[in-house]
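A short worksheet on the structure shown next.
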Amino acid sequence: MSRDQRRSYPVNLEQVYPSLHQFFGGYFHEDFNLEFKDEEDAINTFLTDEPLEKISSSLAELDQVLEVEIIEEEASRYLEDFGSAYYPAARGRTALEWLKHVRERLASYVSSKSNADQ
């Protein structure tokens, strides 16, 4: 996909991606490291505290963000604009790698819950 074919960056992320804004802003705020053991603990808490529909909504929104080939600068900007104070580079990841990791964690959880309901 060429750069010209990409979707433009949304002006108000909170309106376009409300679930992701709540997830990153609520679980990865500036004091998240005082509230959680680490970033995985924050994700685990989200998965256990929030209803499945909220987790599924966050996954769907993250899929929308990642459906176009965003570059690292855009990934970093998304995290910042979502209200995240977590810096993936501190753990040896790029922002894009981090978004993809979060997506995999959410997808795995949703899939396991869907399989358990069958």
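Numbers here are sequence positions counted from 1.
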Practice task
Give a yes or no on whether the backbone of Leu96 and the side-chain of Glu72 come within a donor-acceptor separation of less than 3.5 Å.
Solution key: yes
Exercise for the section: Would you please name every residue forming a side chain to side chain contact (heavy atoms under 4.5 Å, CB included) with Arg103, sequence neighbours left out? Expected result: Leu59, Leu62, Asp63, Leu66, Ala107
Problem - Distance-only side-chain donor-acceptor flag, Gln15 / His21, under 3.5 Å - result: no
Problem - Ile55 CD1 to Phe46 CZ distance, which is reported to the nearest 0.5 Å - result: 5.0 Å
Exercise for the section: Evaluate the side-chain proximity of Gln22 to Lys54: yes if any heavy-atom separation is below 4.5 Å, no if none is. Expected result: yes
Problem - Minimal non-hydrogen separation, Ala95 against Pro88, with atom names - result: CA-CG, 3.9 Å
Completion exercise
CD of Glu73 to OH of Tyr78, rounded to nearest 0.5 Å, is 13.5 Å
Practice task
Applying side-chain contact (heavy atoms from CB on, under 4.5 Å), run through Ile70 and Leu99 and close with a yes or a no.
Solution key: CA-CA 11 Å; Ile70 61 175; Leu99 287 174; 4.2 Å; yes
Problem - Distance, nearest 0.5 Å, that separates OG1 of Thr48 from OH of Tyr109 - result: 7.0 Å
Problem - Check: Glu61 side chain, Leu20 main-chain N or O, donor-acceptor pair, under 3.5 Å - result: yes
Practice task
Mind telling me whether Phe23 and Phe28 have parallel, tilted or perpendicular rings, with 30° and 60° as the class edges?
Solution key: perpendicular
Exercise for the section: Could you check if a side-chain atom of Glu39 sits within less than 4.5 angstrom of a side-chain atom of Trp98, using non-hydrogen atoms only? Expected result: yes
Practice task
Can you measure from CZ (Arg93) to NZ (Lys100) and round to the nearest 0.5 angstrom?
Solution key: 12.5 Å
Practice task
Please say whether more than 12 non-hydrogen atoms of neighbouring residues, nucleotides or ligands are located less than 6.0 Å from CD in Glu14.
Solution key: no
Exercise for the section: Compare all side-chain heavy atoms of Leu106 with those of Leu47 and state whether any distance is below 4.5 angstrom. Expected result: yes
Exercise for the section: For Val102 and Phe24, work out which heavy atoms get closest and say how close. Expected result: CG1-CZ, 4.3 Å
Handout entry: Atom pair CZ (Arg77) and CD1 (Ile71), whose distance is rounded to the nearest 0.5 Å
Key = 11.0 Å
Practice task
Would you check if Asp41 and Tyr27 make a side-chain contact, meaning some heavy-atom pair closer than 4.5 Å?
Solution key: no
Practice task
Evaluate the side-chain proximity of His101 to Glu40: yes if any heavy-atom separation is below 4.5 Å, no if none is.
Solution key: yes
Exercise for the section: Answer with yes or no whether the side chains of Glu80 and Tyr87 bring together a donor and an acceptor at under 3.5 Å. Expected result: no
Handout entry: Flag, side chain of Ser108 to backbone of Arg105, donor-acceptor distance under 3.5 Å
Key = no
